[in-house]
Amino acid sequence: MSGFKKLASDTALYGISTILGRMLYWLMVPLHTRVFPRTGEMASNVELFSYVPVLLLVYTLSLETAFFRYASRQKEDKQKVFNETLSIVLAISVISTALIILLAPQIADWLDYPGQETFISWVAMIAATDAIVAIPFARLRVENKAREFVKAKLINIVINVALNVFFLVICPQIYNGDYLLFLQPAIDLFYDPSVGPGYIFLANLIANLVYFVLLRKTFAGFRFQLDKPQVKVLLAYSFPLMLTALAGSINMLTDRWFLRPLLPEGFYPGLTSEDVLGIYGNCYKLSVFMTLAIQSFKFAADPFFFSRAEDKNAPGLLAEVNKWFIIICVIIWVGISLNLDWIGLFIGKTYRQGLGVVPILLLANLVLGVYYNIAFWFKLSDKTAYGTVITVLGAGVTVILNVLLIPIMGYMGCAVAYLVSSVVMCVTCYLLGEKHYPVPYDVFSALIYVFSGGLLIYMASQIEISNLWVSIPYHMLLLLLYIGTMLVMERKTFGPLLARVRNRGSRKNVVPESNNR
């Protein structure tokens with residue numbers, strides 16, 4: 001149980017930065033969708049930001065995972081492993097970003113976003129800064145410096161959000177003479193209304209540059225070095241993982257790449273393909289609640305399970321962790337899906353017509369989160385090539401289904417393709433894992449929770465309640481009943497846990513005899 005408690009504690013701590021960060025970014029969605037009410041304005045923002053994860057993978061080559069592996073094995077050479085991994089990432093990031101900036105006009109024309117070469121350059125620089133600081137952040141995780149990790153992330157987030165408000169709200173109002181007229185000359189020096197949504201990129205880039213100040217102590221001792229034998233070892237381990245993650249990114253991002261070109265003209269009356277991409281991309285952000293739970297878990301789980309790779313109890317621990325991961329994620333899925341009637345009010349009115357995709361996207365992310373959990377078998381057994389095959393399979397399914405479904409289902413086809421691909425990956429990984437690294441997963445309970453949650457969401461959607469004063473209490477009651485049912489089903493686990501909590505509380509309340517005298 002001590003290992004399980006350590007994982008839970010680290011997950012909660014890393015979750016502070018992840019959850020608060022994603023929540024603050026999510027709170028930017030109401031701002032963005034109201035500052036830019038014409039949905040087509042946000043199309044390039046949605047698409048260009050979708051390339052950042054791909055660039056990040058190419059720049060890092062998943063070397064942060066290799067750092068976990070070899071820094072744990074070679075603790076006395078941790079600084080050398082840090083130097084090698086960061087040197088590789090630094091070289092690739094600088095060279096690749098320079099090429100993208102040089103070719104930005106051609107890339108803008110190819111993507112059919114003429115005149116946005118500056119935005120493309122900013123996106124490349126955002127990915128580069130993210131990549132370079134990925135290794136120092138990995139070092140903080142290996143050294144169990146979660147507080148430093150969280151502090152840097154939170155400061156970055158606050159700066160990013162503040163700059164969004166500054167560029168998108170304060171600057172335009174001063175520029176238009178609404179208030180603080182004496183600042184107009186200063187604002188005129190750097191603010192240009194034609195940049196529009198591009199300021200979202202600029203805010204992100206400036207916030208990322210602050211990382212180098214915040215992480216200066218973690219960079220301490222770094223010197224550029226590329227030892228050929230060590231580089232080969234690191235890349236041999238990380239490159240298959242990079243291909244796996246790259247295929248995973250393609251799996252997650254294909255919808256935003258394919259929706260605009262594949263959507264038939266006039267599919268949605270009165271909307272252009274750019275409008276539809278803006279609607280889908282911003283409704284997609286409502287699935288952030290699931291991804292933040294998964295991401296905060298992964299931050300803690302990677303070093304946790306790697307450090308216990310040789311533990312004979314690792315399979316049982318994996319199974320227990322996965323069970324509770326599914327329970328928590330199903331509650332998130334059901335809770336958000338039942339309450340979309342009021343959660344959807346946070347985004348601009350013109351974007352709300354796409355809310356129907358949110359429950360499907362949440363479920364797809366849930367299944368993908370389960371895949372990440374059960375995929376530990378090939379990481380722990382150094383059989384990372386299997387991960388590449390599985391994720392390439394998933395990406396292939398996504399691409400094919402997007403091509404087939406977008407012309408007949410619109411953005412709903414994107415969501416369905418993502419869900420089917422996630423299921424294919426999860427099932428394939430589970431079946432292969434049973435052969436190579438058996439883990440006693442509770443498959444039956446997982447299926448029960450997922451199917452019952454889906455049934456509840458479907459049945460609730462068939463009853464339309466326009467009055468929020470009625471619908472909110474009704475849906476919250478359904479959620480509480482569902483959670484209560486879960487607690488009853490898991491009473492064998494919760495019973496002993498609650499008994500331990502009560503016993504611990506009673507022991508604290510006992511006054512020592514010496515104090516009574």
Side-chain angles (χ1 to χ4, degrees), residues 1 3-4 7-8 11 244 248 251 290-291 293-294 297-298 300-302 304-305 308-309 311-335 337 359-381 383-384 386-387 389-391 393-394 397-398 416 418-458 482-497:
M1 281 299 293
F4 192 85
L7 177 60
T11 299
T244 302
N251 183 30
M290 187 66 71
T291 56
I294 294 168
F297 174 81
K298 284 181 65 181
D302 281 348
F304 176 82
F305 284 117
R308 288 161 174 77
D311 190 342
K312 64 179 181 179
N313 297 318
L317 184 59
L318 271 171
E320 186 70 13
V321 167
N322 189 65
K323 177 180 179 178
W324 288 103
F325 174 86
I326 291 173
I327 289 174
I328 293 171
C329 286
V330 167
I331 291 173
I332 294 172
W333 173 43
V334 173
S337 300
I360 299 175
L361 292 171
L362 287 168
L363 177 58
N365 283 324
L366 188 160
V367 176
L368 201 61
V370 176
Y371 163 73
Y372 291 143
N373 283 353
I374 64 178
F376 268 110
W377 71 262
F378 60 72
K379 292 182 182 180
L380 295 177
S381 57
K383 296 179 180 179
T384 54
Y386 280 103
V389 173
I390 294 168
T391 316
L393 171 64
V397 171
T398 301
V416 171
Y418 183 29
L419 174 59
V420 173
S421 172
S422 299
V423 171
V424 169
M425 291 170 58
C426 189
V427 171
T428 304
C429 187
Y430 170 75
L431 295 176
L432 288 173
E434 287 299 287
K435 292 183 179 180
H436 298 279
Y437 193 92
V439 174
Y441 293 115
D442 191 347
V443 178
F444 179 75
S445 72
L447 293 176
I448 288 293
Y449 289 135
V450 171
F451 279 110
S452 62
L455 182 61
L456 178 60
I457 293 168
Y458 173 76
Y482 185 73
I483 294 174
T485 303
M486 280 185 161
L487 293 176
V488 171
M489 293 180 65
E490 297 296 335
R491 60 187 179 278
K492 291 183 179 179
T493 302
F494 277 107
L497 179 62

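Reckoned from all heavy atoms, side chains included, excluding hydrogens, waters and symmetry mates.
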When rounded to the nearest 0.5 angstrom, what is the spacing between [atom1] in [X] and [atom2] in [Y]?
X	Y	atom1	atom2	result
Leu393	Cys429	CG	SG	11.5 Å
Leu431	Ile374	CG	CD1	8.5 Å
Ser445	Lys323	OG	NZ	5.0 Å
Thr291	Leu368	OG1	CG	10.5 Å
Ser337	Ile332	OG	CD1	11.0 Å
Asp442	Asn322	CG	CG	9.5 Å

Minimum heavy-atom separation for [X] and [Y], please, with both atom names.
X	Y	result
Leu362	Trp333	CB-CD1, 3.6 Å
Ile360	Val416	CG2-N, 4.1 Å
Ala364	Leu419	CB-CA, 3.6 Å
Ile390	Tyr371	CG2-CE1, 3.6 Å

Practice item. Examine the side chains of Asn251 and Ser421 and answer whether a donor and an acceptor come within less than 3.5 Å of each other. Key: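 There is such a pair (donor and acceptor under 3.5 Å, judged by atom type) between the side chains of Asn251 and Ser421.
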Point to revise | Of all pairs that satisfy side chain to side chain donor-acceptor pair (under 3.5 Å), the ones with a partner from residues 426-435, not counting sequence neighbours | key: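 Not a single pair qualifies under side chain to side chain donor-acceptor pair (under 3.5 Å).
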Exercise for review: State, yes or no, whether a side-chain contact exists between Met486 and Val330 at a heavy-atom distance under 4.5 Å.
Suggested key: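 Side chain of Met486 against side chain of Val330, heavy atoms only: contact under 4.5 Å found.
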Which atom pairs, donor and acceptor, lie under 3.5 Å between side-chain atoms of residues 447-457 and protein residues at least two apart or in another chain?
{"unit_1": "Tyr449", "atom_1": "OH", "unit_2": "Glu490", "atom_2": "OE2", "d": "2.6"}
{"unit_1": "Ser452", "atom_1": "OG", "unit_2": "Ile448", "atom_2": "O", "d": "2.8"}
{"unit_1": "Ser452", "atom_1": "OG", "unit_2": "Tyr449", "atom_2": "O", "d": "3.0"}
{"unit_1": "Ser452", "atom_1": "OG", "unit_2": "Tyr482", "atom_2": "OH", "d": "2.9"}

